[in-house]
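See below for the structure under consideration.
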Amino acid sequence: MTETPSRVDLTTITSLCKRRGFLFQSSEIYGGLGSTWDYGPLGVELKRNVKDAWWRAFVWGRDDMVGLDAAILMHPDVWRASGHVESFNDPLVECRDCHQRWREDQLSEAKCPACGGELTEPRMFNLMFETYLGPVKDDASIVYLRPETAQGIFVNFSNVLTATRRKLPFGIAQIGKAFRNEITTGNFIFRTREFEMMEIEYFVKPDEGEEWYRRWVEESRRWYADLGVNEARLRVRDHDPAELSHYSIATSDIEYLFPWGWGEIQGIANRTDYDLRAHSSGSGEQLTYFDNETGQHITPYVIEPSAGVDRAVMTFLTDAYTEEQAPTASGKLERRVLLKLHPALAPVKVAVLPLSRNERLTPLAREVHDKVRRSDAIRGLVQYDDAQSIGRRYRRQDEIGTPLCVTVDFDSLDDHAVTIRERDSMAQVRVPIEGLVAAIKERLPG
Ligand code: GAP
């Protein structure tokens, strides 16, 4: 498949996100905090929908998966045993002239990208944030903000196994915050220091590791495609041996073609039995599985699909952005901006729009809004909007990706019917108010 470049640049998507309330710079009134972002009223809906879609696909949609929600703060020995205290480092260099700091492995030349100055020798910089547990700030009270959710799953392996009596292969899924004191951040919400992850640790018999690894690469890639991401902007990239993390024998990244080029949105790693063995020796608890068929205790291999929630949000937003020429009510062609988001992800599912603000129309439009909003069949926001012309309101809803608008007009007072307008085709269909919820449901897959 040929590469299809993104249709939008980063400035356009960032300004749409701010203007329409998807994302705001964190602590903006104090000048902002570098590379941290707050999800606004629409962003929070989109992000929830992304996480729900993932949970539906990988937990509720399968019979080999259970969920977990482990604490962010963990015993510091967890991070010693996992290798993070020792190895979760990036090589840091500093410019001797302008004192900007860079990740040496991301530089194409051995000079400062900002001013061309000479760089210091690299030193290893640990990415884990430290904080203190309790009132005394000493070395004994240091704890870490987790840089991945995975370790919370490994240390609960035996608890989950005992509680659920699972047989191999099975997985434990978790969604939660992670923190990394990244040396360089940027590209909006692509690389930040606080972010959210959707991770699965999938436990298999060691000799089935390779097969499950390949299956998970394909299933992970397909999840984005099933939610509408253009497959020409998705690719799988296998890591070179030199790139592998300390725990992995094979890793593949799912990459998306962002406005600045290809970027990792998810990694799938074959972590072997590294983690369960590390925590067995670190804690003294045997994290093994009793195989009834062979009568032996084995240490399962782990296949880990690990996705960033914020990078998924960024992917869906960027991929959905579309500009086209569309006819206005008077037939003139006008630029139309729309987010072609999958309906399962759209922050607003339906907008109810009276043709105009009018004392006869408003009560009926409000009634229609209540009926749709309160229906259990529609999972998500249903907005009411009666400000400005109907054309402008359609454009406003298009720009935030609302799949359906319901228009209540003067004929509705007599025929008790309304018009459903579909976002992408702009096709309109008249339906009786009585059957409106069913008609909406039919048009909103997921
Ligand atoms: N447990 C495996 C693990 O942590 P990773 O490749 O370091 O693997 C997994 O991270 C995913 O988390 C990445 O593919 C990316 O989507 C997301 N991610 C990693 N660092 C990030 C950051 N600084 N900002 C936003 N997302 C990040």
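Sequential numbering from 1 along the given sequence is applied to the chain's residues. Counting starts at 1 for both ligands and their atoms, following the listed order.
- No cation-pi contact links Arg193 to Phe179, judged by a cut-off of 6.0 Å to the six-membered ring centre and 45° from its axis.
- Under a 4.0 Å criterion applied to the non-hydrogen atoms of Phe190, ligand 1 contributes the atoms 24 (N), 25 (C), 26 (N).
- Per-residue contacts place Gly267 under 4.0 angstrom from the following atoms of ligand 1 (heavy atoms of the residue considered): 14 (O).
- Closest to atom 23 (N) of ligand 1 by heavy atom, among Thr192, Thr315, Asn181, is Thr192.
- At least one cation-pi condition fails for Arg233 and Tyr256: the charged atom is not both under 6.0 angstrom from the six-membered ring centre and inside a 45 degree cone around its axis.
- The shell of residues lying under 4.0 angstrom from ligand 1, judged by heavy atoms, includes Tyr247.
- Short contacts between ligand 1 and Ile265, defined as distances under 4.0 Å to a heavy atom of the residue, involve ligand atoms 14 (O), 16 (O).
- Between the side chains of Thr251 and Ser248, at least one donor-acceptor pair of N or O atoms lies under 3.5 Å.
- Cation-pi geometry between Arg56 and Trp60 is not satisfied (NZ or CZ under 6.0 Å from the ring centre, within 45° of the ring normal).
- Applying the 4.0 Å criterion to heavy atoms of Arg271 picks out, from ligand 1, the atoms 1 (N), 2 (C).
- Ring pair Tyr247/Tyr274 is tilted by interplanar angle, where 30° to 60° counts as tilted.
- Relative ring orientation between Trp223 and Phe58 is described as tilted, the plane-to-plane angle lying within the 30° to 60° band.
- Taking the six-membered ring for Trp and thresholds of 30 and 60 degrees, Phe203 and Phe170 have ring planes inclined between 30 and 60 degrees apart.
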| What's the verdict on side-chain hydrogen bond (donor to acceptor under 3.5 Å, both in side chains) for Asp319 and Tyr224, showing C-alpha distance, side-chain angles and the deciding distance? | CA-CA 11 Å; Asp319 202 69; Tyr224 298 94; over 6 Å; no
| said: Under the criterion side-chain contact (heavy atoms from CB on, under 4.5 Å), I'd like the reasoning laid out for Phe258 against Ile265: C-alpha separation, chi angles, the key distance, then a yes or no. | reply: CA-CA 10 Å; Phe258 286 104; Ile265 53 176; 3.7 Å; yes
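- Among all non-hydrogen protein atoms, the one lying nearest atom 19 (C) of ligand 1 is Arg180 NH1, 3.5 Å.
- Distance check: Ile268 CD1 to Trp216 CH2 gives 9.5 Å after rounding to the nearest 0.5 Å.
- For ligand 1, the atoms closer than 4.0 angstrom to any heavy atom of Glu304 are 1 (N), 2 (C).
- Here the protein heavy atom with the shortest distance to atom 17 (C) of ligand 1 is Gly308 CA, 3.7 Å.
- Closest heavy-atom approach to atom 14 (O) of ligand 1 among the candidates Glu182, Met198, Glu264: Glu264.
- Here Arg193 has no heavy atoms under 4.0 Å from ligand 1, in either its backbone or its side chain.
- Of the protein's heavy atoms, Ser306 OG, 3.1 Å lies nearest to atom 9 (C) of ligand 1.
- Evaluated for a side chain to side chain donor-acceptor pair (under 3.5 Å) with Arg335, the options Gln325, Glu323, Glu324 yield exactly one hit, Glu323.
- Close approach of ligand 1 to Met197 (heavy-atom distance below 4.0 Å) involves ligand atoms 3 (C), 4 (O), 9 (C), 10 (O), 12 (O).
- Near Glu148, meaning under 4.0 Å from one of its heavy atoms, ligand 1 places the atoms 1 (N), 2 (C), 3 (C), 4 (O).
- Among protein heavy atoms, the minimum distance from atom 15 (C) of ligand 1 is reached at Arg311 NH1, 3.5 Å.
- Close contacts of ligand 1 with Glu199, meaning ligand atoms under 4.0 Å from a residue heavy atom, involve 1 (N), 2 (C), 3 (C), 4 (O).
- The nearest heavy-atom contact from the protein to atom 18 (N) of ligand 1 is Phe195 CE1, 3.6 Å.
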